[in-house]
Number of protein chains: 2
Amino acid sequence: VQRYIVTKLGEDWIFLVLLGLTMALVSWIMDYASAKSLQVYKWMHGELSGNVLLQYLAWVTYPMVLIMFASLFCHLVAPQSIGSGIPELKTILRGVVLKEYLTLKAFLAKVVGLTAGLGSGMPVGKEGPFVHIASICAAVLSKIMSIFSGVYENSAHNQDLLNPYGYTDILTVGCAVGVGCCFGTPLGGVLFSIEVTSTYFAVRNYWRGYFAATFSAFIFRVLSVWNKDAVTITALFRTNFRMEFPFDLQELPAFAIIGISCGFLGAFFVYLNRQVVMVMRRQTALTRFLTKHRLIYPGAVTLIIATFTFPPGFGQFMAGELMPREAINSLFDNFTWTKIWGTTPPPGLGRSSAWLHPRVSVFVILLLFFVMKFWMSAISTTMPIPSGAFMPVFILGAAFGRLVGEIMATLFPNGILFDGIVYRILPGGYAVIGAAALTGAVTHTVSTAVICFELTGQISHILPMMVAVILANMVAQGLQPSLYDSIIQVKK
Amino acid sequence: VQRYIVTKLGEDWIFLVLLGLTMALVSWIMDYASAKSLQVYKWMHGELSGNVLLQYLAWVTYPMVLIMFASLFCHLVAPQSIGSGIPELKTILRGVVLKEYLTLKAFLAKVVGLTAGLGSGMPVGKEGPFVHIASICAAVLSKIMSIFSGVYENSAHNQDLLNPYGYTDILTVGCAVGVGCCFGTPLGGVLFSIEVTSTYFAVRNYWRGYFAATFSAFIFRVLSVWNKDAVTITALFRTNFRMEFPFDLQELPAFAIIGISCGFLGAFFVYLNRQVVMVMRRQTALTRFLTKHRLIYPGAVTLIIATFTFPPGFGQFMAGELMPREAINSLFDNFTWTKIWGTTPPPGLGRSSAWLHPRVSVFVILLLFFVMKFWMSAISTTMPIPSGAFMPVFILGAAFGRLVGEIMATLFPNGILFDGIVYRILPGGYAVIGAAALTGAVTHTVSTAVICFELTGQISHILPMMVAVILANMVAQGLQPSLYDSIIQVKK
């Protein structure tokens, strides 16, 4: 019997390692492909800068083609791959059988559709679909391994309590790996997957998830070192805040305000998202028409969003030229924009210059960005393509936090004096806290704080961030269900 | 019904806040008192520096008095307060009733005994006992609140499934708060308490623990700002490693070696600790004598340990003058000792100078420190006083990691060249990884990595640390039970 268990445990390690390896490769390839696509998009935009009309056509057509391709591909190959994936997984983990949901077809559709979506520059998230992809990978891998060994043989087909690892165990680990290697955040990945998918969970899965997610995140980061994207293994959105006295106690009320506001904003986001879905579900002439011609809805949404973000047009007032990841990096930067606005740009400003309009105040730009991206994100996550809401909401939160931070920096231009030490305001720190708080509010989780630490590679703001995330959760949980529960309710 | 639930939830918040507040105060007062005690100890040692005999007497007597007082006090007030507390809590959470274990008497004995133990400078940990203290606090608080409201009325007496929060829920939160406000590490606290105490656990408790532990850690850190110990809210053992390129991929084998070695060392520590307990349990003339005269055993152990660490004597070869927290701070520092050894000490070296003996190499000092502290820690945790093993093991791990780091720094004196960038070796980073790996191996948990991030305030070494912790766990779990399970087995 002992040898039997040892063999099984040994095979479990192999399973976890294989899962981690596969997902790291998939994640990296997707990132690479979508980054290249965005590069082409921006290169086209730059090349055509002489002719505004052509430029506009290129700016609008490129994402439309990609989004419509993604929509068509998913519709033809596997309609199950549409949407985030987390709500469906939550349903499966509660014991409901969703057909055709964990097949190779869905895997293919999701990977291709998501890569196209990410490469279009639309506010589309990677995290949710990636959880789905990882779960499919885990389910398929367990089936393949059962051919060779028999460990997962029964477990993949019927839930046998005597089995060492059941279906739930496999999918839980899949979730953890999905979140973990999506952005290289293994710890946050494990915690997020626990919070989102379970109500009771086994500590051994925490373990297995931790192992697989770490391995996966490690390979994911090593791949980018190997590809010379990064010089060494570091965080994805590394911040560079000062370590000494990152914030003062007197800034806490501002952090609390961010938390509470994010709670309300998060609840409103969930409400808005549901309203859009409900309107689309109602039987009207318009929706019947849209159901018949499936590509019109995503095409129209993309057209509207791309029109608004067109940099020489309205986009200049909302930093429209920034792609999602650039937006995060610039929102987390170490400058105080209100201070450098109107002066000669300091060295190392990089993409952050998009926020500094020669005539319009930084506050207006940030506010416009936030308001516009808010409805854009709420709508674009309803498009029939694989798309998550985590990243768009993360950007929204970062913009909101940055706005509060810049206001604070204007109110206290010389910093806060306490005990003989002057604490300069770090608007970038506010942005990180805002991002954690808003994602926490929308998903009803607190582990977004952990994800934030891992994403930024800095833990200096730990206490204010946790306070903000808890406050945001308290408000949001009182007002609305989580985005995932909301989608489950609507789909029923 | 709804109003009923709302009232209950409201009362739950109050309970969590009160628990957090109380434990933060207790933790801070204990830290304050034991720090003062250590100050007196060192002051005495300094004042008597003319007369070696008197100095020795003072060095030995002071901890002996404190330890014997702690032992006597615990024996008279509540013998249940002896030891770590985590094994007992684990037993209780599995449904076994341990009598008189969660009483105010045990609380008092544990707090006083632990403060005296920490104030003696012996290798005695705060974390385990503090988990016990917090659990008592939670149990007592829930009883008090039941007088006013009735929420916890039945739950504290009999496990009623209809109750919103049962005994287990209360104690789980107590554990999280205990670990969380012990060193101001809320996240690690929640995770550690989950891993150590549960096999299945409810996600709502994760939530409640997160809330209470954050609140508690926050108050704990605010108290030290208020007392001017710290300038602002920062980590307890804040490190200052460079953010850019903290390590290179080629250093990974060294990190892996630390992990695997720590796995073996951790298993050996558990084995050694159990052997000491077993020898003391055997019925011989000596143990009968020791049981009769209870104070002789702790007194003798303290005498031996203090004699070895006496700074002008053997202590000079093992940095004996460093108190536990000073040892951690100096092991985590940013210098490379092998480089500054023999030169004029650089500014800001501080207590780290204890490691630089004028004639003996740094390696010898580190090795002696590790070997001597290893058996000292294994023995001193068997003394009949409230004492945990987490902190002593943490120090051991840090010393081991530092040793490896210093060896690496000697092997690659100019750093590692990769891709045109020279990566200098950071021995302090190795120390942090060693500390996480060894505590992980001894306790069979992976959340020690999280505790390490929170303790040091830096997350730059996240991936190598997680790899090392996982490797250490894989080795240690194959060889020995965790320290807590080992104690449970022995006590049976």
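Everything quoted here is computed from the prediction, not taken from an experiment.
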**OP:** Kindly write out the residues that satisfy side-chain hydrogen bond (donor to acceptor under 3.5 Å, both in side chains) with A:T443, not counting sequence neighbours, or none if the list is empty.
**Re:** A:T445
**OP:** Nearest 0.5 Å please: distance from the CG atom of A:L191 over to the CD1 atom of B:I194.
**Re:** 8.0 Å
Subject >> Engaged part of B:L187 at the chain A interface, taking heavy atoms whose separation is under 4.5 Å >> reply: both
Original post:
What heavy-atom pair brings B:F218 and A:L252 nearest, and what distance separates the two atoms?
Top reply: CZ-CD1, 2.9 Å
Subject >> Heavy-atom pair with the smallest gap, counting every atom of B:L463 and A:T214 >> reply: CD2-O, 4.2 Å
Original post:
Taking C-beta and beyond as the side chain, do A:W207 and B:H444 meet within less than 4.5 Å on heavy atoms?
Top reply: no
Original post:
Who pairs with A:F211 by ring pair (Phe, Tyr, Trp, His ring centres under 6.0 Å), at least two apart in sequence or on another chain?
Top reply: A:W13
**OP:** Just give me the residue among B:V446, B:N473, B:I462, B:V469 that pairs up with chain A most often, heavy atom to heavy atom, under 4.5 Å.
**Re:** B:V446
